[in-house]
There are 2 protein chains.
Amino acid sequence: MLKYWNMLVDPSIVAHKPFTGDRMPTTAYASEALTQLKVSCASCGLSDLCLPRGVDKVTLEQLDDAVDRIDPLPRSTSIFRQGEPLFALYAVRAGSVRSTHVGADGNEQVLGFHYPGDLLGLDALDGNVHQVTIDTLERTHLCALPINTLDNVLESVPPLRRQLLRIMSRNHAQDHHHLELMGRKAATSRVAGWLLSVSKRLHAHGYESDQLSLSMSRSDLGNYLGLAIETVSRTLSRLQADGIIEVSGRSVTLLDKQRLTEAADGDCS
Amino acid sequence: MLKYWNMLVDPSIVAHKPFTGDRMPTTAYASEALTQLKVSCASCGLSDLCLPRGVDKVTLEQLDDAVDRIDPLPRSTSIFRQGEPLFALYAVRAGSVRSTHVGADGNEQVLGFHYPGDLLGLDALDGNVHQVTIDTLERTHLCALPINTLDNVLESVPPLRRQLLRIMSRNHAQDHHHLELMGRKAATSRVAGWLLSVSKRLHAHGYESDQLSLSMSRSDLGNYLGLAIETVSRTLSRLQADGIIEVSGRSVTLLDKQRLTEAADGDCS
DNA sequence: CGCCGCTTTGAGTCATCTCAACACTTGTGG
DNA sequence: CCACAAGTGTTGAGATGACTCAAAGCGGCG
């Protein structure tokens with residue numbers, strides 16, 4: 001049985017150990033892309049998701065003060081692991097991550113992929129212990145909101161309360177979409193539906209939505225969709241042979257969204 | 001394709017139309033089981049889930065004032081439907097309900113079953129429109145918390161904020177368990193795992209955990225687990241033939257939890 | 001009592017999984 | 001810079017398990 005741990009770096013290496021003083025100050029980023037990395041919450045890509053509409057400047061400044069911008073993490077690095085105590089919530093600013101859960105039977109289930117604007121760590125709000133492991137799929141930039149400041153921020157910025165509830169509600173809906181994919185019987189339907197959802201997600205963030213560069217392995221994808229990796233590979237190949245998509249390694253081009261949608265909806269239960 | 005609508009009563013019948021004045025006053029319940037139905041939030045079975053530990057009396061009274069105890073609903077009744085605006089959050093006091101989602105392709109997916117202590121309607125906190133339909137599986141008693149009082153309650157009772165976040169976090173974890181079931185390849189593993197989860201749930205609420213009386217149809221169960229109803233039926237029959245469970249219609253007795261656990265964990269991916 | 005919906009059981013087909021080999025990519029070290 | 005190795009992805013062939021179609025119990029309800 002293939003374990004994802006094998007794909008990770010040494011388990012003892014955890015790039016971010018919150019609150020132990022090993023974090024670089026924000027100004028250390030000045031040597032990189034200043035305009036992007038010193039971005040405030042106001043101009044951050046998160047603002048769509050992280051902040052309520054029409055938020056005032058005082059709110060932004062309070063949030064700015066509470067948020068730490070941490071070192072970019074290399075690929076295959078754990079942000080936190082199942083069973084660890086909750087230190088902070090994290091927001092993805094750039095890159096992508098994968099969340100997995102190890103069940104009582106020892107099997108791993110890939111629960112989701114998260115992109116810029118997504119909030120990580122909400123799983124641990126019940127019990128203050130992480131229920132999932134989150135690893136980076138590529139070089140990833142994060143913001144961290146220390147959990148001990150969360151209450152203060154929520155107390156002093158009421159709109160954020162509703163926003164946090166909204167975000168959790170939306171995450172719930174994403175799980176429902178995932179369940180809908182898993183409930184579909186046919187492999188083609190699952191893969192096609194997932195490709196469309198990734199495309200929609202990119203489109204919602206203003207990116208080119210026909211050109212997908214997947215950051216996860218076929219193994220991750222198969223696990224996520226409840227399919228064997230060979231089935232994922234074969235399904236992508238067939239969609240390509242049918243002229244619906246074009247596959248080249250981890251980059252996929254959607255050639256015919258119409259027929260891709262039909263493939264996704266085709267096999268009803 | 002079997003549509004669940006067929007199993008429901010006339011779609012125009014919605015038992016609870018909030019805030020239109022057709023709700024019976026609380027005292028109308030006096031003729032039934034007074035001690036149970038006039039129960040305050042303090043002694044309600046929800047207190048474990050609905051309220052934080054060590055909550056004070058003032059909190060309880062505030063919550064009591066905000067909560068409406070509504071008419072018990074008969075079987076196969078919609079509490080709310082996908083697409084409807086959010087009027088209130090509901091807590092299940094007795095009975096059981098099923099939540100379903102109709103995807104863009106028109107297929108229905110059973111997303112979960114909810115029992116006493118569960119909170120309904122959280123799906124609509126993002127956008128104030130329900131993303132799922134919730135129907136009763138049997139005669140069900142609910143409490144309703146009008147959404148326009150939610151903000152006030154959360155404002156005046158800070159511990160409830162954390163509690164609400166906890167509940168949503170826990171719901172998220174339940175979805176993850178569902179996804180884990182769906183990710184398992186073998187039908188036996190899915191069914192056995194689900195039986196155990198129901199048993200655990202009953203046990204957590206202090207009920208007899210070996211004697212399950214399922215309130216949902218095989219069709220619901222099959223949809224929930226991503227299996228054909230015939231497969232569900234056959235799997236239950238085989239588990240019975242193996243002496244692991246005893247099936248009689250919708251009542252299931254767990255005879256050998258040890259082997260049931262092995263059956264659930266057996267088929268690794 | 002008889003209808004109707006739900007559940008069970010059977011037989012056959014088909015899709016996916018498993019096992020296995022090969023091709024491609026990436027990163028490392030000579 | 002090339003060669004090699006390890007990881008990753010693709011493709012093939014066969015077996016297995018779930019789905020589909022079909023029919024017969026079972027149970028509730030009018």
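Not measured: the values here are computed from a predicted model.
- With A:Thr77 as the partner, the side chain to side chain contact (heavy atoms under 4.5 Å, CB included) test is satisfied by one option alone out of A:Thr136, A:Val97, A:Ile134, A:Leu137: A:Thr136.
- Among the heavy atoms of the strands, none lies under 4.0 Å from B:Arg190.
- Here D:dT8 is the nucleotide among C:dT7, D:dT8, C:dC17 with the atom lying nearest to any side-chain atom of A:Arg75.
- What separates CG of A:Leu214 from C1' of D:dG9 is a distance of 13 Å, to the nearest Å.
- Checked by atom type and distance alone, the side chain of A:Glu246 never pairs as donor or acceptor with a backbone atom of A:Leu254 at under 3.5 Å.
- The end-to-end axis angle of the helix from C:dC1-D:dG30 to C:dG30-D:dC1, rounded to 10 degrees and based on five pairs per end, is 40°.
- Distance B:Lys185 NZ to D:dC19 P: 14 Å, rounded to the nearest Å.
- Going from atom CZ of B:Arg184 over to atom P of C:dC17 covers 16 Å, rounded to whole Å.
- A:Asp175 is linked by a side-chain hydrogen bond (donor to acceptor under 3.5 Å, both in side chains) to B:His172, counting only residues two or more places apart in sequence or in another chain.
- When the P atom of D:dA18 is taken as reference, atom CE of B:Met182 falls 15 Å away, rounded to whole Å.
- Taking 4.5 Å as the limit, some side-chain heavy atom of A:Leu212 sits within range of a side-chain heavy atom of A:Ser199.
- Whole-Å rounding puts the B:Met216 CE to C:dT7 P distance at 11 Å.
- Contact check, A:Arg250 against D:dG9: a side-chain N or O comes under 4.0 Å of OP1 or OP2.
- A donor-acceptor pair is defined here as one N or O able to donate and one able to accept, closer than 3.5 Å; such a pair exists between the side chain of B:Ser237 and the backbone of B:Ser233.
- When atom types are taken as modelled, the side chain of A:Gln82 and the backbone of A:Val102 share a donor-acceptor pair closer than 3.5 angstrom.
- A:Tyr224 has its side chain out of reach of A:Leu111: every pair of non-hydrogen atoms, C-beta onward, lies at least 4.5 Å apart.
- Shown for residues 229-245 of chain A: residues whose heavy atoms fall under 4.0 angstrom of DNA chain D, namely A:Glu230, A:Ser233, A:Arg234, A:Ser237.
- Here D:dC19 presents its P atom at 12 Å from CG of B:Asn223, a figure rounded to the nearest Å.
- Residues A:Thr100 and A:Arg98 meet the side-chain proximity criterion, which asks for heavy atoms closer than 4.5 Å.
- Side-chain atoms of A:Ser213 and A:Arg250, non-hydrogen and from C-beta on, never get closer than 4.5 Å to each other.
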